[in-house]
Amino acid sequence: MRDTTKQKSRMTLTAAETGFVVFLLFLTVIHSQTWSVDYSSTQICALEGSTVEMSCTYSYPTWIEDKITVVQRRFWFTKLKNKNPVDLREDPDYADRITYDFSGNNCLLRISGLKLSDSAVYKFRFETNQPGGSLTGSPGVTLTVTDLQVQIQTKSWCSASSCWLEILCQSRCPLPPSSSYVWYKNGKIIKDKTQHKYSDYFYSLESVSCAVRGHESLHSPVVCVYGDLCIKVSYSERSICAFRGSSVTISCSIQNQYSGSSGSWISVHGQQTFYQNTGNNRFQVQNYQYGSSLTIRDLTDGDSDEYRFKTWLWNKDFPGTTLTVVDPHVEVIRSGLGLVCHSSCFPPGHFSFIWFKNGEKVQGETSSIYREAVSPEDTYSCSYEGQSSHEVYAPKSVSASMDLTEILEDHSVTLTCSSDAKPAATFRWFKDIRTLLTEDPHLTLRSVHRSDSGKYHCVAENELGKTASEYVFINVEYPPETSSVSVDPSEILEGSPVTLTCSSDANPAANYTWFKDNRALLSGQEVHFSSIRSEDSGNYSCKSENKHGQSSSIPLFLDVQYPPRIPSVSVSVFGQILEGSSVTLTCSSDANPAANYTWFKKDEDSPKASGSNWTISDFRAELSGFYYCEAENRRGQNKSSLHRIETETASWKSAAAATITCTALLFVFIPAFIWIRKNRCVSKQEEKRPANRSQVNMSPDINGPSAEAESAEEQLELHYSSIYFSEKQEDCLYSNIRNSKPRQSPEDTTVEYSAVRFKKSARVEKTSGAESSEDFALYSTVNKCLQSKTELSS
């Protein structure tokens, strides 16, 4: 054989139709993004009957537009059918003679038992899952199968019995220049003759054959180079395969009238010689005029050998027939368009086969190839000379199983595909509708991620069909992550419905707990307020939790907005305001967002001021009146009640007149009342000696200790009268009627009230021993301009 091409031929499809490679560093990157097939040889010359190998490598982009590339079909072809390439495995001309090896990115084709008809151009093609992702390598490999022929080059010095000849070992295609040749003359190797040319004297009885060293069994036909009377031995088969325990006959033909029956057979490796009528029942030699045969019965493994015929005119160096004894094994394989009843070898002769379908004999099918339609639901077997094959059938009972029932993220999980199939099935795994990168019964996902969750199934396939399993679901579990709180609506108005939602990525689904201001609130994924209130404002957070862990959200502040409540007004000065003094009015209201304040005077449309505080630095009489404030935000507004503000100058005269009148009445009424009261008490004491007590008490503290000591049903009447004098008034006058108590502040400059208090007389039960009476004291004080005081007591 000879490889006539030293250089590789490469066909490449690139994503860019044109372009220049500037830096050598980019070559690897560019290669990884190309579609290519590289053949190791494009021209091969091989001998008939030999085995030849054609090899190549192929490449393709790993990813295209975020889609991983998966090779779905690889094959070699020489023919097209309906413009589609025909896989050599489906071509009956190559049945049982071809082998593929697709390990890695290699593409090797091996053809055995080459025939002259195998000469053709062989191309490799692969198809992927990408749109348009198929490639046929060009130009392919041109295979030329040749036999050897002895050709006479020149003839000279010839006589009646001999001639000087230059002969040539000719082939149909150039064999490698380094090839060494073997020449045979009457079956004997001619030493020192290793070139494809050979010159010598040849006699009329001599024959010649040539072979390439290392392939001696593939020699040329034996020819007579001078005349037609030479001796020629040719074997019916170069190799025979037979079952152990069977019988086989090896035969040859002899062309020479002098051969007779003197020939014998030898085993090359066993170095045994077998003659006719040797008495060995297992080995029988039969010689006849133009041939001889060797029959071997009850074959054993030791009978495997090369057997040659020899005579006194024919040497034993010439290759004979190789016998291979094998186990009686028959099997059904898929080859080409149908099933083949196959064995590692079949004995020569007429083959008679029996085919079975689902255990029943198929009538009329006696060849080694079963050409009827093959159904994946049926079983098939064959038989040859009593040796039956096992039944074959497409995969069935295909199932996918998982080694874990609970799958945690970052752990490993293994899926296993099993099936009942003969021959054994190959497997391919799928996730959803995407093909995976494995053709193994086991699919192992290491450090599994949540994105690996999904439906998985496998497909089991052999030569008779393919079957898919049921889906197995991978559910990757993990603890809650990235808990967060969302609110609807985003802007919250008091009285409106509001929903808080806690969300978290978790598997299994998380349980949720809500917190307000770090205090547990309730459970559930949502918190719903049908009518939210201002007091619902606060920081809300949630905790997501499942059996694998927990996660807490960042607090979300719930800001409930509402219009201003009714404002309240306060004045920095209590009571009436001195003219010319400063006074500050303050308006306050509960509102969200914070309110803006505007001040108004009753019956006036224009606002007086804005802001929560309004300070009047010089208050005058004309400013007296009723004031109110208005609080407003974007949610609404509200007004305060009217607040009266007036100066002292506007009312001091009426107050003074009222004070004088009340004082005069007191001077008339009080002495008379005291005298009548005292006389009545004295008379009652003399008659019944009761304990009577009458008190007139004037005190600024109506909730003091003396008031609390008296019972409510004894109190008759309580009157207050107040007279107020300004410090600027020239004449100050007030009166008090009170219990005899020391004055706490005789230097007081003003008295704000005077009071007269009357109580019902109380009876005091007689006691065994003595009678008691209580003194009664009244005080009256008149103070004018803080300069004179008069105190009366009785």
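For clarity, every value in this text was computed on a predicted model and none was experimentally measured. In what follows, residues are counted from 1 in the order of the sequence shown.
The nearest pair of heavy atoms linking Pro395 to Ala425 is CG-CB, 3.9 Å. In this structure, Gly359 and Thr379 approach most closely via the heavy-atom pair N-OG1, 4.4 Å. Counting all heavy atoms, side chain and backbone alike, Tyr235 lies closest to Arg308 at OH-CA, 3.5 Å. Nearest approach of Ala211 to Leu148, heavy atoms of both residues: CA-CD1, 3.8 Å. For Tyr380 against Val374, the heavy-atom pair with the smallest separation is OH-CA, 3.6 Å. Val398 approaches Ser419 most closely through the heavy-atom pair CG2-CB, 3.6 Å.
Of the possible polar contacts, one joining the Ser469 side chain to the Cys458 backbone as a donor-acceptor pair under 3.5 Å is found. A side-chain donor-acceptor contact under 3.5 Å links Gln130 to the backbone of Lys67. No donor-acceptor pair under 3.5 Å is formed between the side chain of Asn475 and the backbone N or O of Asn507. Using modelled atom types, one side-chain atom of Tyr100 and one backbone atom of Trp76 make a donor-acceptor pair closer than 3.5 Å. Asn546 places a side-chain N or O within donor-acceptor distance of the main-chain N or O of Gly549, the cut-off being under 3.5 Å. Put simply, the side chain of Ser504 gets close to the backbone of Glu481: a donor and an acceptor are under 3.5 Å apart. Between the Asn462 side chain and the Tyr393 main chain, a donor and an acceptor come within less than 3.5 Å of each other. With hydrogens and angles disregarded, no donor-acceptor distance shorter than 3.5 Å links the side chain of Glu377 to the backbone of Ser375. Checking side-chain atoms of Asp378 against main-chain N and O of Asn358 turns up no donor-acceptor pair under 3.5 Å. Without hydrogens or angle criteria, Ser447 side chain to His411 main chain gives no donor-acceptor distance under 3.5 Å.
We find the CG-CE distance between Leu443 and Met402 to be 11.5 Å, quoted to the nearest 0.5 Å. Within the model, atoms CG of Asp440 and OG1 of Thr426 stand 10.5 Å from one another, a figure rounded to the nearest 0.5 Å. With rounding to the nearest 0.5 Å, the separation of OG1 in Thr51 from CG in Leu47 is 11.0 Å. Note that the CZ atom of Arg238 and the OG1 atom of Thr321 stand 10.0 Å from one another [nearest 0.5 Å]. The CG atom of Leu114 sits 4.5 Å away from the OG atom of Ser50 when rounded to the nearest 0.5 Å. Residue Ser388 holds its OG atom at 13.5 Å from CD of Glu331, rounded to the nearest 0.5 Å.
Just one of Glu90, Glu127, Lys123 meets the side-chain contact (heavy atoms from CB on, under 4.5 Å) condition when paired with Phe75; it is Glu127.
Aromatic ring centroids of Tyr370 and Trp355 lie under 6.0 Å apart.
Taking the six-membered ring for Trp and thresholds of 30 and 60 degrees, Tyr58 and Phe124 have ring planes inclined between 30 and 60 degrees apart. Using cut-offs of 30° and 60° on the angle between ring planes, the pair Phe430 and His457 is parallel.
Using a 4.0 Å cut-off between a side-chain N of Lys or Arg and a carboxylate O of Asp or Glu, Lys357 and Glu391 do not qualify as a salt bridge. The pair Lys455-Asp432 does not count as a salt bridge, with every side-chain nitrogen at least 4.0 angstrom from each carboxylate oxygen. Electrostatic pairing of Asp87 and Lys79 does not count as a salt bridge here, judged by no charged N lying under 4.0 Å from a carboxylate O.
His449 is listed as a side-chain neighbour of Glu409, based on a closest heavy-atom distance under 4.5 Å. Side-chain contact between Ile240 and Ile250: present, with at least one pair of heavy atoms (C-beta onward) separated by less than 4.5 Å. Counting heavy atoms from C-beta outward, Glu372 and Leu339 have side chains that stay 4.5 Å or more apart. At least one side-chain heavy atom of Thr444 sits under 4.5 Å from a side-chain heavy atom of Arg446. Two residues are said to be in side-chain contact when any heavy atoms from C-beta on lie closer than 4.5 Å; Arg110 and Arg97 fail this criterion. By the 4.5 Å heavy-atom criterion applied to side chains, Glu306 and Ser267 are not counted as neighbours. Residues Ile44 and Thr144 are not in side-chain contact: their nearest non-hydrogen atoms beyond the backbone lie 4.5 Å or more apart. Using a 4.5 Å heavy-atom cutoff, the side chains of Thr78 and Leu88 are in contact.
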In sequence, state the C-alpha distance, the side-chain angles, and the governing distance for Arg282 and Asp298, and then conclude on salt bridge (charged side-chain N to carboxylate O under 4.0 Å, His left out).
CA-CA 7 Å; Arg282 289 186 61 237; Asp298 195 16; 5.2 Å; no
Residue pair Val145, Leu143: steps toward the side-chain contact (heavy atoms from CB on, under 4.5 Å) verdict
CA-CA 6 Å; Val145 180; Leu143 172 65; 4.2 Å; yes
side-chain hydrogen bond (donor to acceptor under 3.5 Å, both in side chains) between Ser293 and Thr249, intermediate numbers included:
CA-CA 7 Å; Ser293 65; Thr249 298; over 6 Å; no
Could you walk me through whether Thr414 and His442 pass the side-chain hydrogen bond (donor to acceptor under 3.5 Å, both in side chains) test, one step at a time?
CA-CA 7 Å; Thr414 298; His442 303 288; over 6 Å; no
Would you check, one step at a time, whether the test side-chain hydrogen bond (donor to acceptor under 3.5 Å, both in side chains) holds for Ser483 with Ser551?
CA-CA 6 Å; Ser483 296; Ser551 172; 3.3 Å; yes
Test salt bridge (charged side-chain N to carboxylate O under 4.0 Å, His left out) on Arg450 and Asp505 and set out the steps.
CA-CA 11 Å; Arg450 65 195 63 178; Asp505 184 14; 2.8 Å; yes
Checking Val37 against Phe126 for the side-chain contact (heavy atoms from CB on, under 4.5 Å) test, could you report, in this order, the C-alpha distance in whole Å, the side-chain angles of both residues, the deciding distance, and whether it holds?
CA-CA 9 Å; Val37 175; Phe126 67 97; 3.9 Å; yes
Go through it in stages, so that I can follow the logic: the residues are Lys547 and Glu406, the test is side-chain contact (heavy atoms from CB on, under 4.5 Å), and I'd like the CA-CA distance, side-chain angles, deciding distance and then a yes or no.
CA-CA 12 Å; Lys547 60 182 178 179; Glu406 185 177 85; 2.6 Å; yes
Going through the checks in order, is the side-chain hydrogen bond (donor to acceptor under 3.5 Å, both in side chains) test met by Ser55 and Ser40?
CA-CA 6 Å; Ser55 62; Ser40 58; 2.6 Å; yes
Where do Ser239 and Thr324 land on the side-chain contact (heavy atoms from CB on, under 4.5 Å) test, with the steps shown first?
CA-CA 8 Å; Ser239 63; Thr324 303; over 6 Å; no
Take Glu463 and Lys422 through the test salt bridge (charged side-chain N to carboxylate O under 4.0 Å, His left out) and record every step on the way to the result.
CA-CA 9 Å; Glu463 292 88 344; Lys422 287 186 180 180; over 6 Å; no
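Annotation for Arg73: atom CZ counts as buried by contact number, over 12 foreign heavy atoms lying within 6.0 Å.
If you check the side chains of Thr416 and Ser401, you find no donor sitting under 3.5 Å from an acceptor. Remark: the Ser251 side chain and the Ser236 side chain contain an N/O donor-acceptor pair separated by less than 3.5 Å.
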